[in-house]
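The structure presented is a predicted model; accordingly, all values stated were derived computationally and were not measured. Residues: numbered from 1 along the sequence shown.
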Amino acid sequence: MSEVKISAETRTEFGKGAARRIRRDSKVPGVLYGRGSDPIHLTLPGHELLLALRTSNVLIALDIDGKTNELAIPKSVQRDPIKGHLEHVDLQLVKRGEQVNVEIYVHTEGELAPGGNLLEHVLNALPVEAEATHIPESVTVSIEGLTAGDSVLAKDIPLPKGTKLAVEGDTVVLQVLAAQAEEAAEGEAAGGEEVAEA
C-alpha cells in the first residue's frame, strides 16, 4: 500500500465563510480524529489531496504545521455535486501495526455462463479489518461460469494475508439474476395488443 506525504496546517477559523476562503486558496478543510484524542481541524492542499484520494484507502502521512507527523486514512470525503471538487475531508488517525476497519472494492473477472444472465453487486465494497499500513486496495473474484441463482458469499472471497472479514461470512456480495427484461417486454407487448383488440 502506498503512503502519501501531505503537509497540513491547523485551522482556527470555522463556518461557511472560512471554508469558502480556504477553498478559494485551492485548499480543503478537514478534520483529523481518532484514538480518543480531540479532533484537529486542518487545512490541506487541494491538488495533492485530490491526487492522493485517487487510491482507495490511501495511507496519508501528515506533516502538521511542520511540527507533528501523523498517519491517517480517509473516512469521509465530500465533493461538490456539480463541479466535483473536494469540499471537506474527514481523516482517521492510525498507527503502524493497528487494525482498522475499511471497505475495499470488489472487482470481478471471467464470464457468466451463457444465457444473458445479469450480475448484481449486492455489496460494491467489502468491509474488512486490516493492518493500517497494509490495507489492500481491492479484491478480485472469479465469476466464470456462474448461472442464474448462483451467488458469491463474503467467505468465498480470497483475502490478502493479514486481512479479515468485518461482516458475516454468509453475507451475499454478488448474485446472478436470470435475464427477465426481454420476457417482461414481450408480456407487456402482448398485453398491449389485447387492449388494442378490445
Side-chain angles (χ1 to χ4, degrees), residues 1-108 121-141 157 159-167 173:
M1 162 175 225
S2 57
E3 187 176 308
V4 178
K5 290 183 168 61
I6 292 182
S7 296
E9 304 161 357
T10 51
R11 62 186 166 99
T12 52
E13 286 189 301
F14 307 100
K16 289 184 178 179
R20 274 196 290 271
R21 281 192 293 279
I22 290 169
R23 288 186 204 105
R24 260 201 306 271
D25 290 339
S26 298
K27 296 182 178 179
V28 179
V31 177
L32 176 65
Y33 64 89
R35 294 211 304 258
S37 58
D38 290 335
I40 302 170
H41 297 270
L42 301 172
T43 300
L44 301 125
H47 184 67
E48 289 174 48
L49 183 61
L50 187 66
L51 291 176
L53 293 175
R54 286 185 178 169
T55 302
S56 64
N57 295 317
V58 64
L59 185 65
I60 300 174
L62 290 169
D63 177 357
I64 303 171
D65 296 328
K67 301 174 188 170
T68 313
N69 292 307
E70 297 285 4
L71 287 177
I73 56 173
K75 280 314 249 186
S76 172
V77 179
Q78 295 171 18
R79 295 177 186 269
D80 181 284
I82 297 166
K83 296 178 182 172
H85 58 256
L86 297 174
E87 296 217 315
H88 189 274
V89 65
D90 286 351
L91 300 169
Q92 180 184 338
L93 207 52
V94 295
K95 60 183 178 187
R96 293 182 196 285
E98 178 183 12
Q99 295 291 311
V100 294
N101 286 327
V102 294
E103 292 189 340
I104 56 175
Y105 291 110
V106 177
H107 296 291
T108 59
H121 287 256
V122 179
L123 293 180
N124 284 322
L126 184 67
V128 298
E129 184 181 288
E131 198 267 314
T133 56
H134 292 90
I135 299 171
E137 286 182 36
S138 63
V139 287
T140 302
V141 182
I157 297 175
L159 296 174
K161 187 178 176 189
T163 304
K164 295 187 295 191
L165 285 177
V167 292
V173 179

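- For Tyr105, the OH atom is loosely surrounded, since the number of other residues' heavy atoms within 6.0 Å does not exceed 12.
- Every residue two or more places apart in sequence or in another chain that forms a side-chain contact (heavy atoms from CB on, under 4.5 Å) with Leu50 is listed here: Arg79, Leu86.
- With a 6.0 Å radius and a threshold of 12 heavy atoms from other residues, nucleotides or ligands, His47 has its NE2 atom at or below the threshold.
- Between Val100 and Ala132, the shortest heavy-atom distance links the atoms CG2-CA, 4.0 Å.
- Residues passing the side-chain contact (heavy atoms from CB on, under 4.5 Å) test with Pro160 are Pro136, Val139, Thr163, sequence neighbours excluded.
- Applying side-chain contact (heavy atoms from CB on, under 4.5 Å) to Leu91 and the options Leu32, Ile40, Val31 leaves one that passes, Leu32.
- Listed by chain and residue number, Gln99, Asn101, Lys164 satisfy the side-chain contact (heavy atoms from CB on, under 4.5 Å) test with Glu129 (two or more places apart in sequence, or in another chain).
- Looking at heavy atoms from C-beta onward, Leu42 lies in side-chain contact with Thr10 at the 4.5 angstrom threshold.
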- [ ] I would like to know whether Val28 and Thr43 meet side-chain contact (heavy atoms from CB on, under 4.5 Å); could you show each step before the answer?
- [x] CA-CA 6 Å; Val28 179; Thr43 300; over 6 Å; no
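- Partners of Thr140 by side-chain contact (heavy atoms from CB on, under 4.5 Å), not counting sequence neighbours, listed by chain and number: His107, Glu109.
- In this structure, the side chain of Asp63 does not engage the main chain of Lys5 through any donor-acceptor pair within 3.5 Å.
- A side-chain contact (heavy atoms from CB on, under 4.5 Å) with Val173 is found for exactly one of Ile157, Val122, Val167, namely Ile157.
- Annotation: salt bridge (Lys or Arg N to Asp or Glu O under 4.0 Å) contacts involving residues 90-100, sequence neighbours excluded, comprise Glu3-Arg96.
- Judged as a side-chain hydrogen bond (donor to acceptor under 3.5 Å, both in side chains), and not counting sequence neighbours, Ser76 has no contacts.
- Leu123 has its side chain out of reach of Val106: every pair of non-hydrogen atoms, C-beta onward, lies at least 4.5 Å apart.
- For Glu70, the salt bridge (Lys or Arg N to Asp or Glu O under 4.0 Å) partners are Arg35, not counting sequence neighbours.
- Looking only at side-chain heavy atoms (C-beta outward), Leu51 and Val4 stay at 4.5 Å or farther from each other.
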Determine, step by step, whether Leu126 and Leu165 satisfy the side-chain contact (heavy atoms from CB on, under 4.5 Å) criterion, reporting the C-alpha distance in whole Å, the side-chain angles of both residues, the deciding distance to 0.1 Å, and the verdict.
CA-CA 8 Å; Leu126 184 67; Leu165 285 177; 3.9 Å; yes
Checklist entry - Are Ile60 and Leu49 close enough, and set up right, to give a side-chain contact (heavy atoms from CB on, under 4.5 Å), and what steps lead you there? => result CA-CA 9 Å; Ile60 300 174; Leu49 183 61; 4.2 Å; yes
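- Residues Gly30 and His88 share a closest heavy-atom pair of CA-NE2, 3.9 Å.
- Between Gly34 and Leu93, the shortest heavy-atom distance links the atoms O-CD2, 4.0 Å.
- With sequence neighbours excluded, no residue satisfies salt bridge (Lys or Arg N to Asp or Glu O under 4.0 Å) with Glu87.
- Atom NZ of Lys27 is separated from atom CG of Leu44 by 9.5 Å, given to the nearest 0.5 angstrom.
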| request: Apply the test side-chain contact (heavy atoms from CB on, under 4.5 Å) to residues Ile135 and Leu59: give CA-CA distance (whole Å), side-chain angles for both, the deciding distance (0.1 Å), then the verdict. | output: CA-CA 8 Å; Ile135 299 171; Leu59 185 65; 5.9 Å; no
